[in-house]
Structure formats: structure tokens, C-alpha cells
Amino acid sequence: MKKIVFVFTSCLFFAFAFSQDTSYVAHDSYKTIKLPNRSGDHLMIQVSSDHWTGMPDSISSHQSGLSRGFNAYLMLDKPFRSSPKFSLGIGVGISTSNIFFKKMNVDLKAGGAVLPFTAADSTNHFKKYKLSTGFVEVPLEFRFMSKPLEPNKSFKIALGAKVGAIVNAHTKGKDLQDKNNTALNSYIEKEIGRRLINGTRFMGTARIGYGIISVFGAYQLNNLLKDGAGANIKLYQVGLTLSGL
């Protein structure tokens with residue numbers, strides 16, 4: 001993990017050293033192209049609808065459609081000297097995911113080797129219940145922009161990947177109810193535990209849009225849980241991106 005951090009930190013430093021250069025040499029004429037309206041670095045914000053694949057029916061039948069995520073990255077953009085329509089973006093940021101359940105408990109503090117997902121149809125349960133994870137991530141994108149001189153009036157495509165390290169995993173339940181959904185107590189219960197959650201996450205990414213708005217998708221390439229801790233569950237996100245590049 002230390003080697004991965006070192007490599008990506010080095011890439012960030014290299015990209016930052018050249019990110020403010022807004023002059024690029026055209027390959028065919030060897031003339032300098034100025035990109036006065038294009039910043040070398042920018043903020044990329046994403047909101048998503050989150051889902052899990054690979055779940056057994058005992059889990060999927062208790063999922064709620066409210067699941068959502070939020071991602072925010074500081075990105076450095078380096079256009080290719082041969083063609084400023086193409087560029088490489090690299091950055092660092094955070095990614096959060098909130099998977100909501102109906103009448104289910106997830107015991108992150110369980111002492112065994114398998115993460116328990118327990119149905120609570122016939123017992124007390126929380127009206128609102130979710131499993132939340134947070135990762136520090138390093139995204140890398142290969143980008144195409146149809147009008148590099150007018151980024152806010154340009155058609156854009158980006159393909160890439162990102163690697164993340166877990167910083168938080170917790171469950172949160174709100175408003176206790178009995179098996180008949182009758183309110184018992186109004187309080188919030190939070191349990192923290194990431195022992196059985198995979199500490200490293202790899203995801204493939206893609207987005208397409210116009211101007212500062214684009215639609216994105218991200219799919220986890222490795223499993224959410226550690227080997228032997230449960231089903232081969234993977235996260236995928238579909239949502240909107242707000243970004244200048």
C-alpha cells in the first residue's frame with residue numbers, strides 16, 4: 001500500500017508542476033496554441049444513485065431505493081501537446097456511499113469471519129437504516145473535449161479508473177419500531193467497524209456530457225467484502241458530475 005501511495009503522490013506532483021501551462025504546440029504547424037479559458041486544475045463533484053451487485057436474495061429483498069453517494073475530487077488536467085482535444089486528468093478526493101436497508105441489521109462488530117446481514121421482519125427494527133463507507137481515492141481519466149478553446153460549450157467523454165483506501169465504515173439506524181412498524185423510541189444508533197470490509201477499492205469509470213454537466217458511471221472491480229467474509233458484492237454508481245473538464 002505504501003508503494004501505491006508513493007507512486008500516485010509522485011504522479012500528482014508531476015502533474016501539478018505542469019498543470020498551469022496553458023500553451024501547447026500544434027503537431028502539424030509547430031505553432032503555440034493558447035488555451036486562455038482552460039484551467040489546469042479544477043474541482044469535480046459527483047452525486048449518484050448507488051447499488052450492489054452479487055447479493056443473495058436475502059439481502060437484495062431488503063434493500064431500499066434511497067441508496068446514494070457523493071464524490072469530490074481536486075483534479076489536475078494535462079492536455080496532450082500533439083492534440084489539446086485529448087488530455088489526462090489525475091486527482092485526489094473522497095468518495096462516500098450510503099446503502100439503505102428495510103428491516104435489516106448489519107453487524108459490523110461481529111467477531112466471526114463472515115459479516116452478518118440479519119433480517120428483522122419479525123422483530124424490532126429501525127425505520128431508517130444504512131451502511132455507509134468512505135474512501136480516499138485517486139482517480140485517473142483519459143479525456144476527450146470537442147472544443148478545447150471553449151470547455152463550457154464542448155462535448156466531453158472520459159474513461160478511467162480510480163483506487164481508494166477505506167477511511168470509514170459504519171451503520172446508522174434511526175427511529176426504533178416494533179415488528180408492526182409501531183414507533184417505540186426516537187433515537188439514533190451508530191456502529192463503526194471495518195474489519196470485514198475490503199480496505200482497498202478499485203473501480204472503472206466513464207462519463208459523457210456537455211459543458212460542465214455530465215452523466216457518469218463507476219463499477220467496482222474487486223469485492224466490497226474481504227475474501228471469505230460474505231458474497232461477492234460489488235458497488236456501482238450512476239449519477240451526475242459537475243466539472244469544468
Side-chain angles (χ1 to χ4, degrees), residues 1-21 38-53 68-81 86-99 131-145 151 156-170 194-195 197-209 212-227 233-245:
M1 186 62 189
K2 291 182 179 179
K3 292 182 179 179
I4 294 175
V5 173
F6 174 77
V7 170
F8 279 106
T9 301
S10 300
C11 292
L12 282 174
F13 178 80
F14 179 81
F16 179 78
F18 293 94
S19 64
Q20 301 304 320
D21 183 7
R38 184 160 169 175
S39 173
D41 56 85
H42 64 286
L43 186 65
M44 184 165 70
I45 296 175
Q46 298 176 327
V47 291
S48 64
S49 174
D50 287 17
H51 309 268
W52 283 354
T53 65
R68 56 186 180 268
F70 175 81
N71 310 322
Y73 308 101
L74 179 62
M75 302 290 294
L76 303 179
D77 185 71
K78 184 63 179 176
F80 291 5
R81 289 186 178 275
F86 296 93
S87 67
L88 190 66
I90 187 170
V92 64
I94 59 170
S95 175
T96 63
S97 177
N98 302 280
I99 303 297
L131 170 60
S132 299
T133 54
F135 285 77
V136 173
E137 291 187 323
V138 175
L140 181 68
E141 287 188 329
F142 176 70
R143 299 166 168 174
F144 170 80
M145 182 184 301
K156 302 169 185 178
I157 299 176
L159 297 175
K162 57 184 181 177
V163 58
I166 194 169
V167 293
N168 178 61
H170 69 268
R194 60 190 191 194
R195 183 177 63 86
I197 306 293
N198 218 330
T200 304
R201 186 172 72 186
F202 302 93
M203 300 190 77
T205 64
R207 60 188 180 95
I208 184 171
I212 64 172
I213 302 293
S214 57
V215 177
F216 87 95
Y219 183 78
Q220 187 169 354
L221 303 177
N222 61 334
N223 293 329
L224 171 74
L225 303 178
K226 292 182 178 179
D227 291 343
I233 297 171
K234 294 178 172 63
L235 168 72
Y236 72 92
Q237 297 180 315
V238 178
L240 296 177
T241 298
L242 180 64
S243 173
L245 295 175

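Along the sequence shown, the residues carry numbers beginning at 1.
Counting all heavy atoms, side chain and backbone alike, Thr96 lies closest to Gln237 at O-NE2, 3.8 Å. Between Asp50 and Gly69, the shortest heavy-atom contact is OD1-N, 3.4 Å. Heavy-atom minimum distance, Thr200 versus Asn222: O-ND2, 2.8 Å. Listed here is the closest heavy atom pair of Pro139 and Met75: CG-SD, 3.6 Å.
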Might you work through the side-chain contact (heavy atoms from CB on, under 4.5 Å) test for Leu225 and Ile197, ending with a clear yes or no? CA-CA 5 Å; Leu225 303 178; Ile197 306 293; 3.7 Å; yes

Step by step, work out the side-chain contact (heavy atoms from CB on, under 4.5 Å) result for Leu240 and Val215. CA-CA 5 Å; Leu240 296 177; Val215 177; 4.1 Å; yes

Using side-chain contact (heavy atoms from CB on, under 4.5 Å), reason through Leu88 and Leu140 one step at a time and then give a plain yes or no. CA-CA 7 Å; Leu88 190 66; Leu140 181 68; 4.0 Å; yes

Return a table of donor-acceptor pairs under 3.5 angstrom between the side chains of residues 156-165 and protein atoms on other chains or two or more places apart.
unit_1: Lys156; atom_1: NZ; unit_2: Pro151; atom_2: O; d: 2.8
unit_1: Lys156; atom_1: NZ; unit_2: Gly211; atom_2: O; d: 2.7
unit_1: Lys156; atom_1: NZ; unit_2: Gly244; atom_2: O; d: 2.7
unit_1: Lys162; atom_1: NZ; unit_2: Tyr73; atom_2: OH; d: 2.9
unit_1: Lys162; atom_1: NZ; unit_2: Glu137; atom_2: OE1; d: 3.2

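In this structure a side-chain-to-backbone donor-acceptor pair under 3.5 Å is missing from Lys234 to Tyr219. One N or O on the side chain of Gln220 and one on the backbone of Leu235 form a donor-acceptor pair closer than 3.5 Å. Asp77 places no side-chain N or O within donor-acceptor distance of the main-chain N or O of Ser87, the cut-off being under 3.5 Å. Checking side-chain atoms of Asn198 against main-chain N and O of Asn223 turns up a donor-acceptor pair under 3.5 Å. Judged by distance alone, the side chain of Arg68 and the main-chain N or O of Val47 form no donor-acceptor pair under 3.5 Å.
To the nearest 0.5 angstrom, Ile99 atom CD1 is 8.5 Å from Leu224 atom CG. Separation of atoms CG (Asn71) and CD1 (Ile45) is listed at 10.5 Å; rounding is to 0.5 Å.
In this structure, the ring of Phe80 has its center no less than 6.0 angstrom from the ring center of Phe144.
The side-chain contact (heavy atoms from CB on, under 4.5 Å) check on Thr241 picks up Met44, Gln46, Arg207, Ser214, Phe216, Ser243, with sequence neighbours excluded.
For the pair Glu141/Leu245, no side-chain contact is recorded, criterion being any heavy-atom separation below 4.5 Å from C-beta on. Met203 places none of its side-chain heavy atoms less than 4.5 Å from the side chain of Ser95.
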